[in-house]
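Since this is a predicted model, take the numbers as computed values, not measurements. Note: hydrogens, waters and symmetry copies are ignored here, and every other heavy atom, side chains too, is used.
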Amino acid sequence: MAGETATAAGRDFIRDIIDADLASGRTRQVVTRFPPEPNGYLHIGHAKAIALNFGIAQEYGGRCHLRFDDTNPAKEEQEYIDAIKRDVRWLGYDWGPHLYHASDYFEQLYEWAEHLIRAGKAYVDDLSPAEMRAMRGTLTEPGRNSPYRERSVEENLDLFRRMRAGEFPNGARVLRAKIDIASGNLNLRDPVLYRILHTAHPRTGDKWCIYPSYDFAHGQSDAIEGVTHSLCTLEFEDHRPLYDWLIDNLPVPSRPRQYEFARLNINYTVLSKRFLTELVRGNHVSGWDDPRMPTLAGLRRRGVPPAAIRDFARRVGAARANSLVDVAMFEHAVREHLNKSAMRRMAVLRPLKLTITNYPSGQIEELDAVNNPEDPAAGARRIKFGSELYIEQEDFSEDPPPKFFRLAPGREVRLRFAYLVTCRDVVKNGAGEVSELICTYDPASRGGNAPDGRKVRATLHWVAAADSLPAEIRLYNPLFTRPDPGAGGDFFADLNPHSLETLTGRVEPALAMAAIGDAVQFERQGYFCLDPDSRPDRLVFNRTVGLRVSWAKARGAG
RNA sequence: UGGGGCGUAGCCAAGUGGUAAGGCAGCGGAUUUUGAUUCCGCCAUACGGAGGUUCGAAUCCUCCCGCCCCAGCCA
């Protein structure tokens with residue numbers, strides 16, 4: 001992507017392999033593919049794989065295909081196909097005309113299955129799933145050959161064709177590769193190539209009632225498409241011998257190679273489709289796009305820029321060691337991108353009234369406020385100031401602890417872009433809580449500086465009572481309370497009950513013009529974006545990520 | 001106990017026989033009308049451990065330890 005960090009593209013063992021393949025002439029043009037199964041939404045772990053595959057294709061002037069691995073109609077849905085395409089595009093990648101489905105190749109795969117049968121390298125097995133499991137052996141004991149293993153080519157062909165014709169019920173028979181039932185690699189113990197599944201397929205409808213297994217579909221699809229480097233995660237490592245066996249024994253048009261890298265893990269969240277699906281189905285979150293979810297849909301709604309995700313993927317790199325990345329690294333990438341682009345606005349999350357007694361009651365004046373100190377081109381805006389304002393509750397302390405620089409009785413601070421004010425009195429409600437601050441201001445400090453040059457330790461954000469809008473503010477915290485959710489045995493017990501905090505704050509009027517998804521920085525608070533739940537009379541903002549708070553640690557708070 | 005992998009700082013991660021990149025986090029300091037940003041500095045005599053080869057080893061050899069994956073007609 002243009003504009004990506006100037007740092008050199010990450011080096012990794014995959015790029016080293018490609019360099020060598022290019023140098024030796026084994027590869028002319030690099031072709032990769034991202035092969036999701038449409039049985040759930042994409043998450044940031046997939047983003048790593050997407051960035052790797054599409055990124056490599058871009059760097060080497062090759063191409064990357066989007067291919068749906070739709071070989072199991074029992075689990076796959078059109079909704080997921082649509083969502084995946086939307087998310088990959090949003091991430092910033094384009095597969096051009098190269099949109100494929102494993103189901104596009106069903107006829108060819110079927111023919112190759114017969115080819116294997118004719119070559120005496122595949123057979124129809126009548127064993128039940130339970131029998132097959134019992135005869136497969138264990139991790140330490142070899143399996144035993146199926147009694148159907150030596151059927152004739154003619155009988156296998158006949159049976160396989162009748163499987164296709166729908167003559168048998170689900171589970172009655174399968175087609176198996178004849179490899180080595182005693183192999184130490186369980187994937188080579190006569191793996192299933194085809195199973196009977198009387199289920200309609202999202203794309204092929206009722207045309208098929210037998211479907212190829214992942215192993216039989218994946219490598220052959222790669223070969224059909226001319227994929228040169230088939231990148232997948234570590235758990236498929238044991239499948240590589242099978243991948244190669246099939247390629248070696250079939251008249252495929254090209255010779256793809258599989259390489260495995262470690263999947264992404266991030267602490268305080270979960271990156272497994274199964275668990276994410278459970279969170280959605282169990283209503284632990286509002287949906288796949290709940291901003292607390294690590295899904296691309298959730299991150300988008302939360303306000304994370306796609307470029308930040310790409311950058312994060314690049315920083316994390318691709319290697320073969322299992323790892324658990326600190327979510328702080330992700331947040332850093334998000335802040336880095338938003339800092340440069342987000343307009344600054346003032347918003348008070350937990351309002352505390354502040355009245356300036358020596359400011360002419362009813363008077364309103366306009367002050368200049370820069371939109372983004374990081375980007376002069378972003379210009380400035382006018383904000384209204386009056387005698388009645390709101391500041392942040394946490395910006396006042398009646399009995400300030402050491403190192404607390406903000407407002408306190410008798411203390412003077414600056415109101416950003418406005419004036420220096422001094423707290424003269426504190427008003428409390430019946431419960432003894434501070435409900436209002438009585439202050440005076442220095443008329444000579446307009447803009448925020450006193451003519452005599454005196455300094456203040458703090459600058460507070462604020463909003464004018466009469467010129468601000470109420471808004472719902474949603475603060476998101478980690479979805480889980482422990483860095484490794486589920487490691488204690490119960491994944492749901494680790495859910496963070498405070499992962500969502502909803503507040504009603506007040507924001508400056510300029511925010512009414514925001515569009516859904518627009519990123520803004522609420523000064524001194526963090527980056528926020530307008531949520532789709534917003535209505536003209538009820539703005540709703542999501543906190544994408546907070547600003548760094550170095551002083552919070554000093555006082556032992558979070 | 002079978003097969004396949006992986007161990008470099010708190011977290012990622014380069015390194016491929018010549019004397020440990022970079023990022024995140026952290027810690028100092030400068031600047032600052034966001035306790036933000038930015039900037040400067042610090043942060044592995046050490047590469048899971050023990051032997052060995054070599055003038056020289058994170059890199060080669062041997063043994064040991066630890067962790068991950070595999071027994072779906074899921075992907």
Side-chain angles (χ1 to χ4, degrees), chain A residues 7-8 10-12 16 35-37 39 69 71-72 74-76 125 127-129 132-133 136-143 170-176 182-189 191-197 210-211 213-215 217-218 232-241 260 262 264 267 273-274 314-333 335-336 339-340 344 346 369-370 373-374 403-406 414-418 420 447-449 456-461 483 521-526 546-554:
Chain A
T7 321
R11 286 308 308 177
D12 51 62
D16 287 344
E37 182 191 13
N39 67 344
D69 230 324
T71 56
N72 186 358
K75 294 186 176 177
E76 297 150 7
D125 197 337
L127 252 26
S128 70
M132 200 181 287
R133 192 181 318 122
R136 184 160 30 228
T138 66
L139 293 180
T140 54
E141 303 159 17
N170 288 356
R173 293 180 221 267
V174 293
L175 180 72
R176 290 229 253 174
S183 173
N185 181 342
L186 301 242
N187 294 115
L188 262 21
R189 318 243 267 224
V192 169
L193 267 23
Y194 265 91
R195 75 279 208 192
I196 299 171
L197 227 47
I210 59 172
Y211 293 94
S213 62
Y214 162 84
D215 288 303
H218 204 97
C232 63
T233 44
L234 253 25
E235 64 268 29
F236 291 101
E237 212 168 339
D238 290 343
H239 292 245
R240 190 173 358 114
E260 314 85 19
L264 175 67
N267 58 16
K273 243 192 263 187
R274 186 191 133 214
R314 185 188 57 72
R315 285 164 185 269
V316 163
R320 290 176 61 85
N322 291 313
S323 62
L324 181 63
V325 175
D326 194 333
V327 67
M329 206 186 295
F330 174 67
E331 294 182 343
H332 170 81
R335 289 192 191 99
E336 186 173 70
N339 175 50
K340 293 171 194 146
R344 270 58 170 175
M346 292 206 282
V370 300
E374 302 290 322
K403 298 292 189 92
F404 183 88
F405 303 147
R406 286 111 96 138
R414 173 167 41 236
L415 293 181
R416 179 141 232 233
F417 304 127
L420 299 185
N449 287 308
V456 292
R457 300 294 299 271
T459 299
L460 311 185
H461 60 279
Q521 183 198 97
F522 286 173
E523 297 225 19
R524 302 207 308 133
Q525 294 288 352
L547 255 27
R548 290 183 67 201
V549 279
S550 55
W551 81 285
K553 290 161 210 144

For B:C24, what is the paired nucleotide under Watson-Crick or G-U wobble rules, both distances under 3.5 Å?
-> B:G10
Considering only heavy side-chain atoms of A:T140, the closest of B:C74, B:G2, B:A14 is B:G2
Identify whether any heavy atom of A:G317 sits under 4.0 Å from a base atom; if not, whether one sits that close to sugar-phosphate; answer base, sugar-phosphate or nothing.
-> nothing
Min side-chain heavy-atom separation A:H239-A:H218 under 4.5 Å | no
Pick the nucleotide of RNA chain B nearest each of A:K75 and A:D16; which residue has the one closer to the 5' end?
-> A:D16
Separation between the P atoms of B:C47 and B:U59, rounded to whole Å = 9 Å
Evaluation steps, side-chain contact (heavy atoms from CB on, under 4.5 Å), between A:E237 and A:R320 | CA-CA 11 Å; A:E237 212 168 339; A:R320 290 176 61 85; 2.5 Å; yes
What nucleic acid atoms does A:A318 come within less than 4.0 Å of, heavy atoms only: base, sugar-phosphate, or nothing?
-> sugar-phosphate
Which of these nucleotides, B:U34, B:A75, B:A25, is closest to any side-chain atom of A:H332?
-> B:A25
If each of A:L324 and A:N449 is mapped to the nucleotide of RNA chain B with the nearest heavy atom, which maps nearer the 5' terminus, i.e. the 5' end?
-> A:L324
If only side-chain N and O atoms of A:R136 are considered, is one of them under 4.0 Å from the OP1 or OP2 phosphate oxygen of B:G72?
-> yes
So what does A:Y211 hit on the nucleic acid, given a heavy-atom distance under 4.0 Å: a base, only sugar-phosphate, or nothing?
-> nothing
Can you name the closest pair of heavy atoms from A:N322 and A:L234 and give their distance?
-> OD1-CD2, 3.8 Å
Under 4.0 Å between any heavy atoms, over every strand shown, what does A:T138 touch: base, sugar-phosphate, or nothing? Just pick one.
-> base
Of all the heavy-atom pairs spanning A:T71 and A:Y214, show the shortest one and how long it is.
-> OG1-N, 4.3 Å
Sticking with atom P, work out how far B:A21 lies from B:U45, rounded to a whole angstrom.
-> 13 Å
For A:F417 against A:M346, the heavy-atom pair lying closest together = CD1-CE, 4.4 Å
Pairing partner of B:A71 (Watson-Crick or G-U wobble, both distances under 3.5 Å) = none
Given atom CD of A:E76 and atom C1' of B:C74, what is their separation to the nearest angstrom?
-> 9 Å
So what does A:V174 hit on the nucleic acid, given a heavy-atom distance under 4.0 Å: a base, only sugar-phosphate, or nothing?
-> base
Does B:C39 have a Watson-Crick or wobble mate here (both distances under 3.5 Å), and if so which one?
-> B:G29
Whole angstrom is fine here: how far is it from CG in A:N187 over to P in B:G4?
-> 13 Å
Checking all strands, does A:R133 fall into the base, sugar-phosphate, or nothing category for heavy-atom contacts under 4.0 angstrom?
-> sugar-phosphate
In whole angstrom, give the distance that lies between atom CG of A:N170 and atom C1' of B:C73.
-> 9 Å
Considering just the side-chain nitrogens and oxygens of A:T71, establish if one lies under 4.0 Å of OP1 or OP2 belonging to B:A75.
-> yes
Considering only atom C1', compute the distance from B:A13 to B:A50 and round it to an integer number of Å.
-> 27 Å
Which atom of A:L324 lies closest to which atom of A:P483, heavy atoms considered = CD2-O, 4.3 Å
Atom CG of A:L175 to atom P of B:C73: distance rounded to whole Å?
-> 13 Å
For atom P, what is the distance between B:G72 and B:U62, given to the nearest Å?
-> 35 Å
To the nearest 0.5 Å, what is the distance between CZ (A:R189) and CE (A:M132)?
-> 13.5 Å
Answer yes or no: side-chain N or O of A:Q525 and base N or O of B:U34 forming a donor-acceptor pair under 3.5 Å.
-> no
Closest listed nucleotide, where the reference is the side chain of A:A328 and the choices are B:U16, B:C73, B:A25 = B:A25
Which is true for A:L127 with a 4.0 Å heavy-atom rule: it touches a base, it touches only sugar-phosphate, or it touches nothing?
-> base
Looking only at N and O atoms, is any donor in the side chain of A:H239 or the base of B:A75 less than 3.5 Å from an acceptor on the other one?
-> yes
Side chain of A:R195 only, please: which of B:G35, B:G7, B:C73 is the nearest?
-> B:C73
Heavy-atom closest pair (A:N185 atom, A:P241 atom, distance to 0.1 Å) is ND2-CG, 3.6 Å
Where A:R524 and A:T459 come nearest, the two heavy atoms and their spacing | NE-O, 3.2 Å
P-based separation of B:G66 from B:U54 [nearest Å] | 31 Å
Are OP1 or OP2 of B:C6 and a side-chain N or O of A:R320 less than 4.0 angstrom apart?
-> yes
Spacing of A:N185 atom CG relative to B:A71 atom P, expressed in whole Å = 11 Å
Determine if the base of B:G4 is syn or anti; take syn to mean the glycosidic torsion is within 90° of 0.
-> anti
Among B:C70, B:G35, B:C11, which nucleotide sits nearest the side chain of A:D326?
-> B:C11
Grab the CG-C1' distance between A:L186 and B:G4 for me, whole Å please.
-> 11 Å
Taking the same atom, C1', in B:G51 and in B:C27, what whole-Å distance lies between them?
-> 39 Å
Hey, is the side chain of A:R548 poking within less than 4.0 Å of OP1 or OP2 on B:G26, counting only N and O atoms?
-> yes
Checking all strands, does A:E37 fall into the base, sugar-phosphate, or nothing category for heavy-atom contacts under 4.0 angstrom?
-> sugar-phosphate
With the side chain of A:R315 defined as its heavy atoms from C-beta on, choose the nearest nucleotide among B:G35, B:G23, B:G15.
-> B:G23
How far does the P atom of B:C43 sit from the matching atom of B:U32, given to the nearest Å?
-> 28 Å
Out of B:G2, B:C11, B:U34, which nucleotide sits closest to the side chain of A:M329?
-> B:C11
Roughly how far, to the nearest 0.5 Å, is the CD atom of A:E260 from the CG atom of A:D238?
-> 9.0 Å
Closest to the A:P373 side chain: B:C73, B:U37, B:U34?
-> B:U34
With a 4.0 Å cut-off on heavy atoms, is A:Q521 in touch with a base, just the backbone sugar-phosphate, or nothing at all?
-> base
Quantified in whole Å, what is the C1' atom distance between nucleotide B:U37 and nucleotide B:A14?
-> 29 Å
In whole angstroms, how far is the P atom of B:C12 from the CG atom of A:N322?
-> 10 Å
Check whether any side-chain N or O of A:R173 sits under 4.0 Å from OP1 or OP2 of B:C73, and answer yes or no.
-> no
Nearest-nucleotide pick for A:V325, side chain only, options being B:C12, B:A71, B:U1 = B:C12
Distance, rounded to the nearest Å, where A:L197 contributes CG and B:G72 contributes C1' | 12 Å
For B:C63, which nucleotide in any strand shown is its Watson-Crick or wobble partner with both distances under 3.5 Å?
-> B:G49
Which nucleotide in B:C69, B:U37, B:A75 has an atom nearest any side-chain atom of A:D238 | B:C69
Would you say B:A71 has OP1 or OP2 under 4.0 Å from some side-chain N or O of A:R189?
-> no
Below 4.0 Å: OP1/OP2 of B:A36 and any side-chain N or O of A:S550 | yes
Under 4.0 angstrom, heavy atoms only, what part of the nucleic acid is A:Y194 near: base, sugar-phosphate, or nothing?
-> nothing
